[in-house]
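Step one of this worksheet: look at the structure below.
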Amino acid sequence: MALHWQILGALLAAFLVGSVFGTEAAGIPLGSIYAFVGGLFLDALKMLIVPLITASIITGVASMGSAGGVGMMAGRTVIYYVFSTTMAVTTALLVMNLYQPGISGGQPLSQTVELPPIGEEVSGRLEGQELSGFFNILREMVPANIVEAGANAQMLGLIFFSVLFGIALTRVTSPGRQVVKDFWAGVQDVMIQITHWVMRVAPIGVFALVAGVIAESGLSVLLPMLDFFLAVVLGLAIHALVVLPLVLWLVARRSPILFMRAIWPALLVAFSTSSSAGTLPVTLNALTQRAGVSRETASFVLPLGATINMDGTALYECAAVLFIAQAYGVDLSLSMQVLIVVLALVTSIGVAAVPSASLVAIALILGVLGLPLEAMGLLLVVDRVLDMVRTSVNVYSDATGAVVVARLRGEDRVLTDTRFEEGEEGATSAERG
Ligand code: ASP
């Protein structure tokens with residue numbers, strides 16, 4: 001059975017087993033077992049990130065040959081990111097105003113539903129989460145110590161350094177140049193091989209991660225917040241199934257269905273891990289080997305996307321803040337709503353690509369608007385499951401960006417060639433030359 005079918009089967013089994021047996025059955029501490037196995041899988045994915053990203057970017061940029069080419073690609077990538085995230089936040093604004101999930105029977109939800117007691121839980125969940133401000137993001141781009149940047153998974157620093165390294169590699173004329181180039185190309189190949197191995201155990205990891213979430217929170221917790229849950233899922237679905245496919249079709253001139261077929265292993269892993277950074281090796285793999293995007297493009301656009309492009313997160317932030325305002329009967333003027341849109345857009349860039357990271361951005365926006373921070377207790381009920389969905393949308397948008405940029409660079413073989421099957425290296429090796 002193909003790997004992606006195995007992962008899907010594991011996901012469905014996890015929903016079933018998690019809801020039937022819970023966190024403990026017949027004295028067996030299932031919850032701890034899920035946490036142990038799931039944690040191992042997630043760490044195995046994260047283990048790949050630093051060497052894979054560094055080697056891919058250096059090799060990609062070095063083979064592009066000129067700083068101009070890199071600059072052009074960076075420009076297109078950023079334009080795509082700003083555009084797609086703006087569309088996502090606008091969708092949230094429309095859906096929340098039309099659906100109004102914070103109002104039930106004409107009354108703000110806080111008057112009809114007892115709010116869960118919170119306080120400590122909110123601060124506990126926010127602890128350790130950090131949001132990078134705009135200037136901090138710029139500062140992070142130039143790390144004082146590249147080893148430290150790698151150790152702390154500071155992706156922007158790593159990306160920036162690797163791009164510089166790649167460009168410099170095209171400039172130097174010393175005899176060691178080819179050795180260094182070959183070395184990084186070799187590291188990249190080795191990391192891709194290890195990614196394949198980690199992916200082989202993905203069905204087990206996915207099962208443990210998802211069964212853990214379902215066993216712990218259960219799907220029934222969603223009920224009191226069902227309207228909010230559905231409104232966010234509706235918004236995310238419109239963005240992922242209507243807006244982004246239109247972009248793919250109109251700008252990249254490629255079939256959204258073929259695209260979906262190529263990247264769905266990455267979407268499944270994003271859904272299970274709730275971490276777009278952790279999913280990065282899988283996304284890279286899917287784009288280069290199943291969609292035929294060149295390594296140069298994928299290894300530049302995807303790491304940057306996982307770090308700063310978060311459509312699902314921005315949409316969720318905007319929806320969550322509007323929901324809390326509705327639930328507390330706060331009337332937001334149009335200018336306030338525009339402010340929320342802008343804040344969601346800007347803060348989503350600084351949100352880390354790890355589980356539940358957007359909560360800290362939501363807390364910040366609530367603070368700016370003077371809305372009660374305690375209201376976040378409402379969100380915590382549904383956050384875990386919504387995190388899975390929005391992370392998939394984050395990854396989906398990064399992948400769309402990679403195809404769009406690849407097509408703008410004139411890569412004709414993207415999503416046309418059925419050779420790009422699992423395990424088979426596509427156009428990239430040949431193109432790398
Ligand atoms: N979990 C999300 C991600 O990794 C971030 C968030 O919205 O909390 O993409």
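Read the numbers this way: they start at 1 and go in the same order the structure lists the ligands and their atoms.
By the 4.5 Å heavy-atom criterion applied to side chains, Leu234 and Leu230 are not counted as neighbours. Side chains of Leu246 and Met87 form no contact here, defined as non-hydrogen atoms less than 4.5 Å apart.
Here Arg409 pairs with Glu411 under the salt bridge (Lys or Arg N to Asp or Glu O under 4.0 Å) rule; sequence neighbours left out. Not a single ring pair (Phe, Tyr, Trp, His ring centres under 6.0 Å) links Tyr80 to another residue, sequence neighbours left out. Annotation: side chain to side chain donor-acceptor pair (under 3.5 Å) contacts of Asn394 (sequence neighbours excluded): Thr313.
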Show me a pair-per-line table, with atom names and distances to 0.1 Å, of protein N or O atoms that are under 3.5 Å from an N or O of ligand 1.
from	atom 1	to	atom 2	distance (Å)
ligand 1	1 (N)	Ser274	O	2.9
ligand 1	1 (N)	Val354	O	3.0
ligand 1	1 (N)	Asp387	OD1	2.8
ligand 1	1 (N)	Thr391	OG1	3.1
ligand 1	4 (O)	Ser276	N	2.9
ligand 1	4 (O)	Ser276	OG	3.2
ligand 1	4 (O)	Ala353	O	3.2
ligand 1	4 (O)	Val354	N	3.3
ligand 1	7 (O)	Thr313	OG1	2.6
ligand 1	7 (O)	Ser358	OG	2.9
ligand 1	7 (O)	Arg390	NE	2.6
ligand 1	8 (O)	Ala357	N	2.8
ligand 1	8 (O)	Ser358	N	2.9
ligand 1	8 (O)	Ser358	OG	3.1
ligand 1	8 (O)	Arg390	NH2	3.0
ligand 1	9 (O)	Ser276	OG	2.4
ligand 1	9 (O)	Asn394	ND2	2.8

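Inspection of the Ser335 and Ser333 side chains reveals an N or O donor paired with an N or O acceptor under 3.5 Å.
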